[in-house]
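Note sheet for the following structure.
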Amino acid sequence: MNIQHVNQKKYQNEMPRTDEGWWESVLAEEQQYSNPRPQAATKPAPYEEKILSSAPTQPADWDLIKQLYAEDRIIEMQATGHNRGGLLVEHDGLAGFVPFSHLVDLVGKVNEADRDPCLEAYVGKTLCVKVIECAPEDGRVVFSERAALTQPGKRNELFHSLQAGMQVTGKVTNITDFGVFIDLGGVEGLIHISELSWGRVSHPNQIVNLGDEIQVQVLEISIERSRVALSLKRLTPNPWEHAASNFAVGNIMPAVITSVLSYGAFAQLEAGVEGLIHASEIPLQGNQSLRDTLSEGQKVQVRVLQVDPSHQRLGFSMRLNHE
């Protein structure tokens, strides 16, 4: 992992605070396949349901689990079962959960239809893993096979070197609907979808690919949860800060169509921000539909109709002569 400090005065991008709901989305992909065990005394919150399926069948040795986590030690665990979110693992009185996204041979290589049989093939096998989350208050232990690829103690070393505002280089290890996971060399961080681009992002795979090595900015660190919040967009100037002057009403600018909908089309400026061209502002010939006229990737000229920097919105017209 390469680290360098970001000149924050240059970009003047205020570091955001990430709320608890943001952190909960880290495990959202696994949680959607929830199948909690029936012994739960009370109905869990939706984001907890998935992890309850990894709860030990006997009282956990939290002192040992905390020690394994603190020492960043590699241990062996046997896969004893699975649900669509990942594997249940046990060994010598320890029990926990390995999320699908932390299985080295599966993430990014298995489609949805093949997930169950691939996980079933793990049952009975022994895996080398590390504890990546230890939450006694929630009765939750999360293990990672991918984290075990790094030497013991590497996570602690990285956490001591990471600081908010740093620029780091990492590898894309998983892409989900809500964001992108980045391996920083022993610690995994998350770029939430809202931190990928200053413009609109329909899905993170529009921005990055699995296996890409990219530079990101550290936003926030939670050592106790082994989580790091990252940003890609904050390495570039925020185009909305000067939108009123750069995209002044009446300006005619080059743009690229990014999506065509029933009510209009979105177009991206060279600056990397998008605006909406309402259907009424798109000249059509005869019985042509919007999709007959426009397609994704098409280069067009647009006239700026509306600028709303506070809500990061632009309105365009393809009627360039004020028709």
Side-chain angles (χ1 to χ4, degrees), residues 4-19 21-22 25 164-167 177-180 190-208 214-220 229-283 290 293-323:
Q4 65 185 85
H5 288 279
V6 171
N7 185 342
Q8 293 185 355
K9 288 186 178 180
K10 178 179 179 181
Y11 297 129
Q12 297 180 338
N13 295 331
E14 181 181 352
M15 300 296 289
R17 289 187 59 83
T18 52
D19 60 24
W22 193 98
S25 71
M166 278 186 169
Q167 181 174 324
D177 291 341
F178 60 84
V180 177
L190 172 70
I191 311 173
H192 192 265
I193 188 171
S194 63
E195 290 294 330
L196 285 169
S197 171
W198 293 109
R200 186 178 62 95
V201 179
S202 298
H203 194 278
N205 60 18
Q206 292 179 315
I207 307 297
V208 298
I214 60 174
Q215 289 189 322
V216 293
Q217 183 177 349
V218 178
L219 296 182
E220 188 175 340
L230 303 170
S231 176
L232 182 62
K233 73 181 185 182
R234 291 174 190 275
L235 296 182
T236 59
N238 182 353
W240 294 102
E241 290 181 354
H242 306 289
S245 56
N246 292 345
F247 318 130
V249 172
N251 280 5
I252 296 176
M253 309 183 72
V256 177
I257 300 298
T258 56
S259 59
V260 182
L261 307 168
S262 60
Y263 54 85
F266 282 95
Q268 180 174 278
L269 301 179
E270 290 182 348
V273 297
E274 281 186 317
L276 175 66
I277 314 171
H278 191 270
S280 62
E281 295 295 336
I282 301 173
L290 291 180
T293 303
L294 298 175
S295 58
E296 293 182 12
Q298 181 178 344
K299 296 180 179 180
V300 297
Q301 293 286 313
V302 297
R303 178 167 54 89
V304 179
L305 292 181
Q306 180 186 18
V307 184
D308 184 358
S310 62
H311 294 95
Q312 297 189 357
R313 293 175 183 169
L314 285 168
F316 298 137
S317 173
M318 289 181 62
R319 301 181 186 277
L320 305 184
N321 297 320
H322 300 265
E323 297 175 14

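Residue numbers count from 1 along this sequence. These numbers come from a predicted model, not from an experiment.
Taken from CG in Leu230 to CD in Gln215, the straight-line distance is 12.5 Å, to the nearest 0.5 Å. Taken to the nearest 0.5 Å, the CG atom of Leu219 stands 5.0 Å off from the CD atom of Glu195. In this structure, Thr236 OG1 and Gln217 CD are separated by 10.0 Å, a value rounded to the nearest 0.5 Å. Taking CG from Leu305 and CZ from Arg319, the interatomic distance works out to 10.5 Å, rounded to the nearest 0.5 Å.
In terms of heavy atoms, Pro204 sits closest to Val201 at N-CG1, 4.1 Å.
In terms of the side-chain hydrogen bond (donor to acceptor under 3.5 Å, both in side chains) criterion, residue partners of His203 (sequence neighbours excluded) are, by chain and number, Asp177, Asn205.
The closest side-chain heavy-atom distance from Ile207 to Leu232 is below 4.5 Å. Under the 4.5 Å side-chain criterion, counting only non-hydrogen atoms from C-beta, Leu235 is in contact with Gln167. Counting heavy atoms from C-beta on, the side chains of Gln301 and Pro254 come closer than 4.5 Å. Residues Glu241 and Pro309 have side chains not in contact (no heavy-atom distance under 4.5 Å, counting atoms from C-beta outward). Between Val249 and Val307 there is a side-chain heavy-atom pair separated by less than 4.5 Å. Ile191 has its side chain within reach of Ile214: a pair of non-hydrogen atoms, C-beta onward, lies under 4.5 Å apart. Here the side chains of Met253 and Val304 are in contact, with some heavy-atom distance below 4.5 Å. Contact annotation: the side chain of Leu294 approaches that of Ile282 to within less than 4.5 Å [non-hydrogen atoms, C-beta and beyond].
Between the Trp198 side chain and the Trp240 main chain, no donor and acceptor come within less than 3.5 Å of each other. Of the possible donor and acceptor atoms, one in the side chain of Lys233 sits under 3.5 Å from a partner among the backbone N and O of Ser194. Judged by distance alone, the side chain of Arg303 and the main-chain N or O of Phe316 form no donor-acceptor pair under 3.5 Å. Listed for the Ser295 side chain is no donor-acceptor partner under 3.5 Å among the backbone atoms of Gln298. His311 places no side-chain N or O within 3.5 Å of a backbone atom of Arg313 that could act as its donor or acceptor partner.
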Donor-acceptor list for residues 255-269 side chains, cut-off 3.5 Å, not counting sequence neighbours:
unit_1, atom_1, unit_2, atom_2, d
Thr258, OG1, Phe266, O, 3.2
Thr258, OG1, Glu274, OE2, 2.3
Ser259, OG, Arg200, NH2, 2.9

| Candidate pair Val180 and Leu196, rule side-chain contact (heavy atoms from CB on, under 4.5 Å), full reasoning | CA-CA 9 Å; Val180 177; Leu196 285 169; 4.1 Å; yes
| field | Test side-chain contact (heavy atoms from CB on, under 4.5 Å) applied to Val300 and Met318, step by step | value | CA-CA 8 Å; Val300 297; Met318 289 181 62; 4.1 Å; yes
